Amino acid sequence: MKPRLFRLSYFIWLIVPAGLYAAYLTYGLPHGRFSYVWIDQGHGLDPFADRYYTHCRYIGPYGSFDVYPRDGQCAWIRFYFAPDAVDE
């Protein structure tokens, strides 16, 4: 019996890099929340108190991005594209 040189199962691992590349093209790269400003409602630094955020800074591979949320919420991670690649 002759060994098969090419099998479909040899290339199944390509699904993961292709999926990661598709996610990159769709969403961009992740940036983590680095700093934030919130309105103190008398709770001080209580970690369990509800906070209303007014300014969030995200840092990642494409640099720093400032966000001023309208709803008072800041996500831990946001996805951004390179600043020069965005059409305005």
Side-chain angles (χ1 to χ4, degrees):
M1 184 173 198
K2 191 175 175 182
R4 293 182 67 182
L5 189 57
F6 294 107
R7 284 189 157 170
L8 183 59
S9 62
Y10 294 158
F11 300 100
I12 196 83
W13 66 272
L14 290 173
I15 293 172
V16 173
L20 290 173
Y21 185 66
Y24 161 71
L25 291 177
T26 304
Y27 300 110
L29 290 178
H31 290 65
R33 184 174 68 188
F34 181 73
S35 64
Y36 49 85
V37 176
W38 76 91
I39 295 175
D40 185 8
Q41 298 173 351
H43 298 291
L45 297 176
D46 180 11
F48 301 107
D50 291 332
R51 294 180 178 170
Y52 187 86
Y53 296 101
T54 58
H55 175 250
C56 300
R57 175 169 287 158
Y58 294 90
I59 294 183
Y62 294 137
S64 170
F65 292 90
D66 291 325
V67 176
Y68 297 94
R70 295 183 199 153
D71 61 353
Q73 300 294 320
C74 287
W76 285 83
I77 295 175
R78 290 188 68 168
F79 292 85
Y80 291 101
F81 291 102
D84 55 349
V86 176
D87 295 332
E88 291 185 18

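Every value quoted in this text rests on a predicted model; they were computed, and no experiment measured them.
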> Is it the case that more than 12 heavy atoms not belonging to I77 sit under 6.0 Å from its CD1 atom?
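Result for CD1/I77: open.
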
> Hey, could you give me each pair passing salt bridge (Lys or Arg N to Asp or Glu O under 4.0 Å) that has a residue in residues 34-50? Not counting sequence neighbours.
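Of all non-adjacent pairs touching residues 34-50, none passes salt bridge (Lys or Arg N to Asp or Glu O under 4.0 Å).
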
> Classify the ring geometry between Y80 and Y58 as parallel (under 30°), tilted (30 to 60°) or perpendicular (over 60°).
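Tilted.
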
> When the ring centroid of F11 is compared with that of W13, is the distance short of 6.0 Å?
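So the answer is no for these two rings.
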
> Working to the nearest 0.5 angstrom, can you tell me the gap between F79 CZ and Y62 OH?
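Reported to 0.5 Å precision, the distance equals 12.0 Å.
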
> Do I59 and H31 have side-chain heavy atoms sitting under 4.5 Å apart?
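Counting from C-beta outward, I59 and H31 never come under 4.5 Å.
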
> Can a cation-pi geometry be assigned to R57 and F34, taking NZ or CZ under 6.0 Å from the six-membered ring centre and within 45° of the ring axis?
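So R57 doesn't make the cation-pi contact.
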
> Give me the atom names and distance for the closest heavy-atom approach of Y36 to R51.
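Answer, listing the atom of Y36 first, then R51: OH-NH1, 3.5 Å.
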
> Which residue pairs pass the disulfide (SG to SG under 2.5 Å) test when at least one of the two sits in residues 4-62, sequence neighbours left out?
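Listed by first then second residue: C56-C74.
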
> Taking OH in Y21 as the centre, count heavy atoms belonging to other residues, nucleotides or ligands within less than 6.0 Å. Is the count above 12?
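Not more than 12 within 6.0 Å, no.
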
> At their closest point, which heavy atom of Y24 faces which heavy atom of L29, and how far apart are they?
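Of all heavy-atom pairs spanning Y24 and L29, the closest is CD1-CD2, 3.6 Å.
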
> Of the non-hydrogen atoms in Y68 and T54, which two are nearest, and what is the gap between them?
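The answer is CD2-O, 3.4 Å.
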
> Can the positive tip of R33 be found less than 6.0 Å from the middle of the six-membered ring of Y53, inside 45° of the ring normal?
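Yes, a cation-pi geometry holds between R33 and Y53.
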
> Once rounded to the nearest 0.5 Å, what's the spacing between atom CH2 of W38 and atom NE2 of H55?
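Between W38 CH2 and H55 NE2, I get 14.0 Å after rounding to 0.5 Å.
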
